[in-house]
Amino acid sequence: GGTMADYPLSAEAIKNEFKRAGIHFVVALPDRVTSHHLLKGLMADPEFKVVQVCKEDEGISICSGLYAAGHKSVFMMQYTGFLDSINAIRGVAVEGHFPVCMVVGLLGKEPDLAPTKSEKLGVKITEPILDVLGIEHHLIERDADTKAIAPAIDKAFASSSPTAILIGREPR
């Protein structure tokens, strides 16, 4: 129920933060949480070049390659893909010191519940794994949270280290 204005998280707010951080490339493995409104909106926006990948670990390498070529990017995927790519994240982003900015959809996370309290095991373990890897992360569930996105991306590029933006509900 309610109007679009009542909905807590808008795709537009996230997209504007990407722009604020100087992102022009979006590497993405289409997923249920972020695709419908956010990814389609990015694909329709001439300021962004969307690179779709088949496997998450190749997205880690593509973002690193774009950075080596002087471009800033974000990598959008589902938490399942994050779990699939732990070794690439460890080897390339963490130990290789590449500012891979992961935008991770927490599919099925219960609204307004901390991810670590989720009934879904994959959602529950995402933040602890990021902590063990030493990767900063920010949970985004409403438009007010999105103001953390650009500073997190800026910090990743300034420190040449990865970061994770966790999308806690489907943006509309």
Side-chain angles (χ1 to χ4, degrees), residues 11 13-107 115 122-123 125-140 145-168 171:
I14 297 171
K15 192 171 87 163
N16 289 339
E17 284 295 299
F18 291 171
K19 288 183 180 178
R20 206 158 72 92
I23 297 294
H24 295 291
F25 281 90
V26 176
V27 179
L29 196 124
D31 76 73
R32 293 228 313 264
V33 176
T34 52
S35 290
H36 192 64
H37 295 283
L38 183 55
L39 188 56
K40 283 182 182 153
L42 291 163
M43 290 171 87
D45 189 322
E47 285 189 50
F48 294 100
K49 175 99 183 95
V50 176
V51 180
Q52 294 196 50
V53 294
C54 302
K55 268 185 101 270
E56 287 82 4
D57 54 2
E58 69 184 7
I60 306 295
S61 301
I62 290 168
C63 288
S64 300
L66 283 165
Y67 172 70
H71 299 286
K72 288 182 171 181
S73 64
V74 294
F75 177 30
M76 289 171 45
M77 63 182 147
Q78 196 62 261
Y79 76 85
T80 49
F82 164 76
L83 295 173
D84 266 348
S85 6
I86 296 299
N87 196 45
I89 293 165
R90 176 211 48 86
V92 178
V94 177
E95 293 180 338
H97 302 286
F98 278 95
V100 178
C101 298
M102 299 173 281
V103 179
V104 181
L106 300 178
L107 178 69
V123 170
I125 66 176
T126 296
E127 287 178 321
I129 290 171
L130 287 163
D131 290 339
V132 167
L133 288 166
I135 297 174
E136 270 192 29
H137 48 89
H138 300 270
L139 179 62
I140 309 300
D145 301 333
T146 62
K147 65 183 184 306
I149 295 176
I153 292 171
D154 290 342
K155 184 176 178 184
F157 283 99
S159 62
S160 201
S161 56
T163 194
I165 308 297
L166 305 175
I167 306 296

Please name the pair of heavy atoms, one in [X] and one in [Y], separated by the smallest distance, quoted to 0.1 Å.
X: Thr163; Y: Ala152; result: CG2-O, 3.9 Å
X: Pro99; Y: Ser160; result: CD-OG, 3.7 Å
X: Ala21; Y: Lys72; result: O-NZ, 3.4 Å
X: Val27; Y: Ile62; result: CG2-CG2, 3.8 Å
X: Ile135; Y: Ala164; result: CG2-N, 4.0 Å
X: Ala88; Y: Ile60; result: O-CG2, 3.8 Å

Checklist entry - So, Arg20 and Glu17, do they make that salt bridge, N to O below 4.0 Å? => result yes

Item to check | Residues Ile129, Phe82; criterion side-chain contact (heavy atoms from CB on, under 4.5 Å); working and verdict | outcome: CA-CA 10 Å; Ile129 290 171; Phe82 164 76; 3.8 Å; yes

Non-hydrogen side-chain atoms of [X] and [Y] separated by less than 4.5 Å:
X: Phe18; Y: Ile153; answer: yes
X: Ile14; Y: Val103; answer: no
X: Met77; Y: Ser85; answer: yes
X: Phe98; Y: Ser161; answer: no
X: Phe75; Y: Val26; answer: no
X: Glu136; Y: Lys155; answer: yes
X: Val50; Y: Phe25; answer: no
X: Ile149; Y: His138; answer: no

Can you tell me how far apart [atom1] ([X]) and [atom2] ([Y]) are? Round to the nearest 0.5 Å.
X: Met76; Y: Leu38; atom1: CE; atom2: CG; answer: 4.0 Å
X: Leu66; Y: Ile23; atom1: CG; atom2: CD1; answer: 10.0 Å
X: Ser61; Y: Glu56; atom1: OG; atom2: CD; answer: 12.0 Å
X: Ile89; Y: Asp57; atom1: CD1; atom2: CG; answer: 9.0 Å
X: Glu95; Y: Arg90; atom1: CD; atom2: CZ; answer: 4.5 Å
X: Leu106; Y: Tyr79; atom1: CG; atom2: OH; answer: 8.5 Å

Checklist entry - Can you list the residues that meet the side-chain contact (heavy atoms from CB on, under 4.5 Å) rule with Lys147, with sequence neighbours excluded? => result none

Checklist entry - Got a sec, which residues hit side-chain contact (heavy atoms from CB on, under 4.5 Å) with Asp45, two or more places apart in sequence or on another chain? => result Lys15, Lys19, Glu47, Phe48

Checklist entry - Can you check side-chain contact (heavy atoms from CB on, under 4.5 Å) on Met102 and Ile165, steps first, answer last? => result CA-CA 6 Å; Met102 299 173 281; Ile165 308 297; over 6 Å; no

Next on the checklist: Checking Leu130 against Val104 for the side-chain contact (heavy atoms from CB on, under 4.5 Å) test, could you report, in this order, the C-alpha distance in whole Å, the side-chain angles of both residues, the deciding distance, and whether it holds?
Outcome noted: CA-CA 11 Å; Leu130 287 163; Val104 181; over 6 Å; no

